[in-house]
Structure formats: structure tokens, C-alpha cells
Amino acid sequence: MTNIPAPVQIPFAAAEAVQRVQRTSRRVQQPQSSPDLVSLAVGEPNFDTPEQVRAAATAALAAGHTHYSPAQGEPVLREALAGRLSELTREPVSSADILITHGGTAGLAAAILGIVNPGDRVVVPDPTYSLYADLVSMAGGVLVPVPLAADLHWDLEALSSALDGAKLFVFCNPSNPTGIVHSRAELEALADLLAGTDTLVLTDEAYSDLVYTAEPFTSALQIEALEGRTIYCQTFSKSYAMTGWRVGYLWGPSSVIAAAARVHATFNGSVNTANQLAALTALETCGPDIERMHEAYTRRRALMLEGLAGIDGLHVGTPEGAFYLFPKYDASLSSEEMVAHLRKHGVAVRPGGEFGQYGEQHIRLSYAASEEAIVEGVKRIAAGMAALRATAAQ
Ligand SMILES: Cc1ncc(COP(=O)(O)O)c(C=O)c1O
């Protein structure tokens, strides 16, 4: 019998950058779903990608677009995007400053890792999309979370002191998780706070097509006083129901985009060629699809709001965009405990604390779910809240 030596046990600890994220991350892994659970937890359209976009990908593959794309992205897509963004900016946007990324996620990563040095202060509203904090940790930056005002809009006074000496301010508009839309006036107030400083602004406008206010959405790109310091991050995931395709993009000052492009080329390489060509079809043809989905979200939002209004102990503000509601609850449970409690009543939602410490006492509900799921899910939330009240009254 041959003596097979045991494999060596190499001591391993994840890189410090990974450990920093592990130590600080608030992102929670969704527990396994069960068939009887109604989910209002996911941040993903329940629509399929429009047919003509899928057909465009098939056609691109059939035509032999199976090779590497240029690292910064397909020139035709970058040209088309530059044209779109030029409708928002005063000066024409150059396609040389557009970087196609693997969804918004990789766009945010390329921007933050391209900008932030160890020790740099990065200000974020709190609560906000949880990826920003993890990327700042990975870069070794210092996260400065600024609590939102009671109406979930920015607290400008608190922002003003936090922004002093900051390298970067990152926010999403419309906001995940609050559903708030920051108005032109709010963006202009931000510009005033930053006047005369070197602070950069990263605006994540993933939900910009999903706005339900009478006032049209204002992009940070339309604010003259933010010009020169703004990096714009966008994705095809939400507007076009293309979450699985992984196409997004960045635009901003040439020097910042060059830094982000370096991160992108080093970490990822170019985005799937056929998917970029399909994204071009989405950009050029999906206006009516966006409208159709917007109408559905408008109905679903009303349905959810109407259902939640009748639940004692839940306080819902006025959501203006994305597909989220962020109610505050009256109960002495942490948001994670509240999520676990509601799960026992058959409905999955997200804990507000996942999006920042000041998100506690809130839950995030998504209405990117079917009308049946919304009606049933809200019924189960009502039952869960009633059970808590009954226990408290004992
Ligand atoms: C605010 C915000 N930005 C970016 C993303 C990332 O989107 P993508 O699927 O394009 O990576 C999400 C996804 O939930 C999001 O909510």
C-alpha cells in the first residue's frame, strides 16, 4: 500500500480588504425562500426583459458577436449613451468618457475604488443602498453616515458639517431603500454646500425612470452648480427589467473615468458583447415598455399604500420613486427581529438596519411584485402587526 501524504494545511486568512468588509457589512443574505412565503423583499422587477431586447441578443450571437468587446465598451453603445446624456448636460457628452460596466454594481465599484484612498472620508446618507459602505470599506476609506431627516429627505445642516473635507459624497436618487426622490431644490442645496470644495459627487440614478411625482425627475447632471464634480452611475437593470444581463455605465470628468476604467479593466475586463448590443436595442426601442412597467408600478404602489394605511403601528411616508416603501413601525423589536417575526407570518421583507444604523425601526417593502403578492403580503404584515399588539396588550 502506498503512503499518500495528507494534503498540507495552509493557514489562510482573507485579505485585510475582505476582512474589513466582513467586519462592517450590513448586507444580509436572504434566507432560503419557501413556496408558501410571499416575498416583498426583492429589489428586482418581476417583469421579463422586453422581447425585442432578447431577440437582439440572439441576433447578435447568431451574427458572430462572440468576441471581446473593447475594454471601455462597445463604441455604438457608448455613442448612443453619450447622445442620451447630452440631453441632460449643458455641454455635449463625449463617448470617450463613458465606461460600460457589469451593471451598476461594477460601475459603483470602479468609481469608488478609482477615487478613494485609505483614510479618505466618504459621506453617505443613512439609510442608503448598502453596497456603498462595503466598497468604501474595501478601499480603506472612512465612511461617514449622515442620518436623514424625519421625512427621509436629506438633513442639510447635518450634511453640511459632515461634508467638510470629504473626498466623496455618494447617494442614490430615487433612493433605495426609502423611495424618496431628491428634488431639484435639494440637489441645488447640495451644490451650495460643496461650492469652493474639491469634494466629488457620485450620483446613482438606477431608478430614474421610476418616479411618481408630478414634478419631473431632475438628474444631478442637470444641476449646473454640480458640474465638474459629478460622476453619474446608471444601469439597465431596473428601467428595462434587465437585472440578469449585467450592463451599466459611468460618466464623469475624464480623469475620474480614466481611473475607473483602470479598475474596470483590472478587475473585470470588458462586458459581454452581445449583451451590450442588446442594451443598445433597449435604449433605442424600450420607451413604450418603460411606460407599461411604470403604469404597473404606479398601480402596485397605490395598492400597497392603501393596504398599509389600515395597519396600526406602521407609518408610511410619501414614497416618490423606485419601487420601495420604507415604513417605520411601533414595536420594541430590532428590524432584523421584525423581519424574522413577519417571516413567521408568511411574508418576506428587508430589515431597515441593512441600509444603515439609522434605518432601524423600519422595514423595506418592494412593490416590484405581482398585485396578488402585494395584496396577500400586506394582509400577512397586518396579521404580524396585530399579533405584536396582542402580545404587548397582555
Ligand atoms: C440604488 C441601486 N444602485 C445600484 C444597484 C445595482 O444594480 P445592478 O443590478 O445594475 O448591479 C441597485 C440594485 O439593487 C440599487 O438598488
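Everything numeric here is computed off the predicted structure, so don't read it as measured data. Just follow the structure's listing: the first ligand is 1, and inside any ligand the first atom is 1.
- Of all the heavy atoms of D204, the ones lying under 4.0 Å from any atom of ligand 1 belong exclusively to the side chain.
- Aromatic ring orientation, F171 versus W154: perpendicular (interplanar angle above 60°, classes split at 30° and 60°).
- Taking the six-membered ring where tryptophan is involved, the planes of H153 and H182 are perpendicular, since the angle between them exceeds 60° and thus also 30°.
- Ring orientation note: the planes of F323 and Y207 are nearly perpendicular, at an angle over 60° on the 30°/60° scale.
- The closest approach between F236 and ligand 1 stays at or above 4.0 Å for every heavy atom of the residue.
- If you number the atoms of ligand 1 from 1 as listed, the ones under 4.0 Å from a heavy atom of G104 come out as 8 (P), 10 (O), 11 (O).
- Just one residue in the list E354, R350, M338 forms a side chain to side chain contact (heavy atoms under 4.5 Å, CB included) with I363, and that residue is M338.
- Between the side chain of S160 and the backbone N or O of L156, no donor-acceptor pair lies under 3.5 Å.
- Residue-ligand proximity, K238 to ligand 1, at heavy-atom distances under 4.0 Å covers atoms 12 (C), 13 (C), 14 (O).
- No N or O atom of Y132 sits closer than 3.5 Å to an N or O atom of ligand 1.
- Annotation for ligand 1: atoms under 4.0 Å from non-hydrogen atoms of S237 are 8 (P), 9 (O), 10 (O).
- The atoms of ligand 1 that sit less than 4.0 Å from any heavy atom of R246 are 8 (P), 9 (O), 10 (O), 11 (O).
- With distances taken over non-hydrogen atoms, the option nearest atom 10 (O) of ligand 1 out of T243, T235, V247 is T235.
- What sits closest to atom 11 (O) of ligand 1 on the protein, heavy atoms only, is T105 OG1, 2.5 Å.
- Exactly one residue among V263, V136, I231 makes a side chain to side chain contact (heavy atoms under 4.5 Å, CB included) with I112. That residue is V136.
- The protein atom (non-hydrogen) at minimum distance from atom 16 (O) of ligand 1 is Y207 OH, 2.7 Å.
- Of the possible polar contacts, none joining the R90 side chain to the E227 backbone as a donor-acceptor pair under 3.5 Å is found.
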